[in-house]
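One structure below.
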Amino acid sequence: MQKIGVFVCHCGTNIAATVDVKAVAEALSHEAGVVISQEYQYMCSEAGQNLVKDAIKEHGLTGVVICSCSPRMHENTFRKAAAAAGLNPYLVEIANIREQCSWIHKDIATATEKAIILGKAAIAKVHLNTPLVAGESPVAKRALVIGGGIAGIQTALDIAEAGFEVDIVEKEATIGGKMAQIDKTFPTLDCAACILTPKMVEASQNEKITIHSYSEVSAVKGFIGNFTATIKKKRRFVDETKCTGCGACTEVCPMQKVPNAFNLGLNNRGAVYIPFAQAVPKVATIDANYCLKLRKGDVNEKVCGKCAAACTVGAINYHQQDEYIEQKYGAIVVATGFNPIKLDKYDEFAYNQCPDVVTSLELERLMNAAGPNGGTLLRPSDKTHPHKIVFVQCVGSRCDDSKGKPYCSKICCMYTAKHAMLIREKYPDTEVYVFYIDVRTPGKNFDEFYRRAVEQYNVHYIKGMVGKVTPKADGTIDVQASDLLSNEQLHIDADMVVLATAIEPDKTARPLATMLTTQMDTNDFFTEAHAKLRPVESATAGIFLSGACQGPKDIPETVAQASAAASKAIGLLVKDSITCNPCVAHSNELMCNGCSACEKVCPYGAITYQDKEFRTPYRTTVMRRVASVNPAVCQGCGACTVACPSGAMDLNGFSNSQIMAEVDAICK
Amino acid sequence: MQEAMISKAKQLLADGTVTRVIGWKKGEFAYDITPAIFESSEEIDRDFVYDDFTSTNVSKYLVKESKKEGKILAFLKPCDTYSLNQLTKEHRVDRDNIYVVGIPSDGKLDIEKIKAKGITGITGVERDGETLKISTVYGDETMSVADVMSNKCISCKSKKHVTYDELIGEDGEVITSDRFDMVEKLENMTSEERYNFWRGELSKCIRCNACRNVCPACTCENCVFNNPDSGVENKAAADSFEENMFHIIRAFHVAGRCTDCGECSRVCPQNIPLHLLNRKFIKDINSLYGEYQAGADTTTKAPLNDYTTEDCEASIVHERGVE
Amino acid sequence: MQVNDNKEFQPLIVAFCCNWCSYAGADLSGTNRLNYPTNVKIIRVPCSCRVNPMFILRAFQRGADGVILCGCHPGDCHYTSGNYFTRRRMTLLFSMLDFLGIERDRTRVEWVSAAEGAKFAATMNEFTEAVKKLGPNRRLEDLRCRKQ
Amino acid sequence: MNNNLKEQVLRSSGVNVLKCMRCGKCSGTCPSYDEMEYHPHQFVYMVEKGDIETLMESKSIYKCLTCFACVERCPRGVEPAKVVEAVRLATIRKQGNNHLIPDAIPEMLDEDLPQQAIVTAFRKYTK
């Protein structure tokens, strides 16, 4: 015999103002199985919860129905209260009479009537609730960090610091990411390499950290605590274990006309290369698209081979193949970072026409001591010193059209102030103009930094936007723009134009999100589990977000989030096992046909089949193929329950009979 | 044909390829052919029948039979092979334990159509091209074969065997048929007319479950309508809702799995055109998700267990056709 | 279902909402105080793909005049693919009901995200109106379940 | 501020002036900028404020070439040229007179005048 307790919450006046809570409690007290039906001011309060606990003990309740706010709000609260009083937490049901009743209806009579029906549905359901016990599943004590920029490096270092193994997978030949390409950092103007490269070295030397450079994650299976990732180590035609990074091969390579990706194509490098002097791992890589030997198709042919001849340790291996590594992980951190957008669609800025119109990241390389000009700022077209430079803000950011991105890229205001300042510092004869819409400088010491650019370095900040950039025959560039404050249109004869290009998530992010079954927004940024309260977790358990893959960020923010993601991952890895959601599917073997329909629709691969012996009439037996669900893998979506024609598959907590009972109660 | 099949069966039994044969034997009347299992040459000589009334698709019997000890020989018409393939795909039969001999089929006769012409006391038929000679206790009658051909054979979709170990005779081709004509006709009626049509048809249902029992897709260990936990358990339809419910759910459960063998309508004692429900699903699947023939192979995902991100929305139902 | 001579016909609408998007969207329309009729009663399911055609028929049997199924937008399913299966299943089911002559406006699938409180309320208003126009469900009811 | 006029301009232009983020790219790109008293970004802002009459009295409404450079380049899709056109239409409608009478055209014709200019003039100076 069921003994059900019903508790109706006033939620102050939130419910009580439009729903006659006394009438609801009264009406529900007559439902079958209900032994106690009360109302109370605030059910979620300590006193309200005690009401439930006391009733469970006093009446020996077998089910509890709370008519209150959304179960998304306080289901857990009441489940915990029930558990504390010795009732299985899954014997609690919530009737949502606030969000889905009192808040949307005005008429007390009909709202009360609806609240009673919702209460009856919950009672009908709780009659069929069964006690559920959450299972446990073990946690693999190893983390995977996808992306080896500053975010990935910081996350890996923090996790390793806590004593767990970490693998970094980086698609480029070296870790370091975008920060390695940056010259100086705001707001302190210290050199990026000086602060980044020690961290890169630390990561490479940490015995808990394994770096898979020139690698990709090609498949991820499993679930929180128990992921299995396949890492594809792309062939770089150099044996990483033998290469000493001496660079002899790069010097002898006859194919020196390969655009240098590290310098954004502003100069050339060899077909065999080490991206930059402080690369980690410092190992050469052969670009098969340009290598004279590999391009031939048949490596046995007697072509070139100079790098192999120059290598004293025999590290060059033209026969190398892609290698696949499979590894188990308890936690995965995504740190895939960002890229500047392509500017093909912005003809008005003449980026594709004129080499002296550059992006801000290109300017970083042009100014960097390890860059194409050895640190002297020269125009890419004629290698002369620019005397007038125009910076354009918000190129592709804050765009409500198909060309750009709707969001603010966040970092451009600050790095433009940095660029302007560095140029004025080093070349006081160069005039610098910055066209801005708004200067956004929230951040510690950020506005002071911007003000310094204006007040101390005399950078001309003009509120307005550049409308048109026209390269002229004399090599200068006409910049036509509006000055909104003086209400005039300007023409500036510039030597160089720098575009503060919008940033977007890396292209690898979307396929990765599919692989990880994590969510992304329309801009391909990973979606955090909660915009305010869970900013470094993805909605998929066990997957954490680090750095600009979640949204535009500067270096300090990236590092902060990287460490936060690491601490979340560590919090998971220290556990020996995690509690599973008990609302999972299960198969009734007596009815199962073994037809595989359920397996085909399961997004988690939670269903497997086995042959089992069943008794048949006349003391005979028969072997039948039947499905079984791995409760640790199942997430409880219920797709299988509908695919199953015989109804053998059912879902705990949302069983066929429970939902039917709700339908019946509502339609009564 | 019968002789060729008998000698094939006896040969396969003799050389040990199979231990049993599933075929047919005569029932009470000449047109009343039922499936039967034969374990020896003697039994085959005595009872094995294959004639123009032998329609029953035996593939469903193989769900149980193929799980038994020893290989079984099954003679399958082209349409039956689709059913077997579908069962193989769903792991319902042990294909390795079945020896399939494909037999050609030029259409089966519908006894009800013959009886409807007022002919009774039938003792046998003989087919001579397009003419059918019927011997009855009252004398002989002749008529055109086409007039009394089974409906499922009139709209035959394929003469090709999609699975077999051996063939008797030549294999045919997949043929185009006008099998969706009636579905289309209904689609072009008004909602009210369709409702009246189906009310008229479905209200005849006596819930004998013959459609379910003959259907080679309905092979559930335990039908959802027999399951007390399913919430839809019922033995006999008490009113129009339950008639609807049973047939909608049954059609939905076999959607994407139904090979359109037409057995449901053939066996319906009330002559309800049940195959139209299945064909409606097949037609929708073909037009919305691409041509799909259940049982054509054993690997393709069933349309309801599959999806593309570009699938049409359910609102397409509201947008097309007659209101 | 309340049919009263002097009162306007009030349809009974059953709405199945997935826990992650549409149920949250319904909550949001509550939080934002966006009205929709009391005719709509929501049943929470983990995912729209949990909704068995039998539940929909059952609702009609017991006197529902309209059934609406809400889930995450395609591509946003919490379980990645659930609503894609829902979409196929419901398309075929609704097409079949239409084929049997059941009024097609009694059934609907709508994708409502957790952020679309306004859409949820608007959808429910619209759907209730559409069903109201059709009048009581007579073609797919169980006479034994009809209320006096 | 004239709300009726504002409403009319907003409706006939179909532009949502609230989308403007005040970047001034429209004015930065405008080839007629120096000819105009009020510039494209001002049109958008003044329409938002409801200050339509000032614009209607200004010669600027006839200076816009309708080249659509501002429409093409506006990052927010505001379409300032359509606002200018709407204000111009409001002026013409208010006066109730066409500024160009078809019968008067033959006299004004000039051999070098491109056909396009006549069409544009008609659009600009008539209802």
Side-chain angles (χ1 to χ4, degrees), chain B residues 183 186-187 189-199 201-202 224-225 230-232 238-242 244-249 251-253 255-256 276-281 283-285 287-289 303-323, chain C residues 48-49 51-63 67-71 73-77 80-111 127 130 134 137-146:
Chain B
V183 175
L186 277 164
E187 285 172 344
M189 291 180 181
T190 64
S191 167
E192 182 84 38
E193 286 166 345
R194 280 199 296 273
Y195 175 71
N196 291 332
F197 171 85
W198 282 111
R199 236 11 312 168
E201 291 295 344
L202 294 180
V224 72
F225 285 97
S230 71
V232 293
D239 78 344
S240 61
F241 175 82
E242 284 180 349
N244 280 331
M245 174 88 168
F246 175 74
H247 291 292
I248 295 170
I249 294 296
F252 188 82
H253 278 180
L276 291 178
L277 297 176
N278 300 326
R279 278 191 188 160
K280 169 65 180 165
F281 275 135
K283 184 168 178 282
D284 278 348
I285 287 168
S287 68
L288 300 175
Y289 310 123
L304 272 172
N305 294 341
D306 201 5
Y307 66 88
T308 73
T309 53
E310 274 78 43
D311 282 344
C312 60
E313 295 295 337
S315 56
I316 195 166
V317 176
H318 301 251
E319 287 149 15
R320 61 175 193 184
V322 179
E323 184 60 53
Chain C
S48 60
C49 71
V51 178
N52 198 309
M54 290 193 291
F55 303 161
I56 293 170
L57 295 178
R58 174 78 153 217
F60 282 122
Q61 176 187 25
R62 302 287 158 129
V67 178
I68 182 165
L69 177 52
C70 300
H73 283 268
D76 289 347
C77 176
T80 50
S81 56
N83 51 7
Y84 288 127
F85 293 118
T86 308
R87 187 158 66 176
R88 282 203 171 186
R89 289 168 185 166
M90 293 306 137
T91 305
L92 291 182
L93 177 71
F94 293 175
S95 179
M96 178 53 74
L97 292 177
D98 179 47
F99 189 62
L100 291 175
I102 314 302
E103 301 94 332
R104 51 179 81 158
D105 287 338
R106 291 200 189 279
T107 47
R108 191 188 288 191
V109 170
E110 201 68 54
W111 310 125
F127 186 60
L134 289 175
N137 163 33
R138 293 274 181 245
R139 293 187 187 171
L140 195 65
E141 67 174 344
D142 191 331
L143 288 169
R144 297 164 301 174
C145 299
R146 191 192 282 184

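Atom set for the values below is all heavy atoms of this structure, side chains included, hydrogens, waters and symmetry mates excluded. Below, chains carry the letters A, B, ... as their sequence lines are ordered, and counting in each starts from 1.
- Per-residue counts of heavy-atom pairs under 4.5 Å with chain B were compared for C:M96, C:R89, C:R87, C:M54; the largest is that of C:R87.
- Under the 30°/60° scheme for interplanar angles, the aromatic rings of C:F94 and B:H318 are found to stand perpendicular.
- With respect to C:R139 and B:E192, a salt bridge is recorded, a charged nitrogen being found less than 4.0 Å from a carboxylate O.
- The most heavy-atom pairs under 4.5 Å with chain C, out of B:F281, B:Y195, B:F252, come from B:Y195.
- Judged as a side-chain contact (heavy atoms from CB on, under 4.5 Å), and not counting sequence neighbours, the contacts of B:D239 are B:F241, B:E242, C:D142, C:L143, C:R144.
- Under the side chain to side chain donor-acceptor pair (under 3.5 Å) criterion, B:D311 pairs with B:T308, C:R88, sequence neighbours left out.
- Inter-residue side-chain proximity for B:C312 and C:T91 is flagged as met; some heavy-atom pair is nearer than 4.5 Å.
- Residue B:N196: no heavy atom, backbone or side chain, is found under 4.5 Å from chain C.
- Residue contact with chain C, scored on non-hydrogen atoms closer than 4.5 Å, involves the side chain of B:L288 exclusively.
- C:F85 approaches B:L304 most closely through the heavy-atom pair CD2-O, 3.8 Å.
- The backbone N or O of C:D98 sits less than 3.5 Å from a side-chain atom of B:R194, completing a donor-acceptor pair.
- Ranked by heavy-atom pairs shorter than 4.5 Å toward chain B, the options C:L69, C:L97, C:T107 are led by C:T107.
- Ranking B:M245, B:E201, B:E313, B:H247 against chain C, the residue ahead of the rest is B:E313, based on heavy-atom pairs under 4.5 Å.
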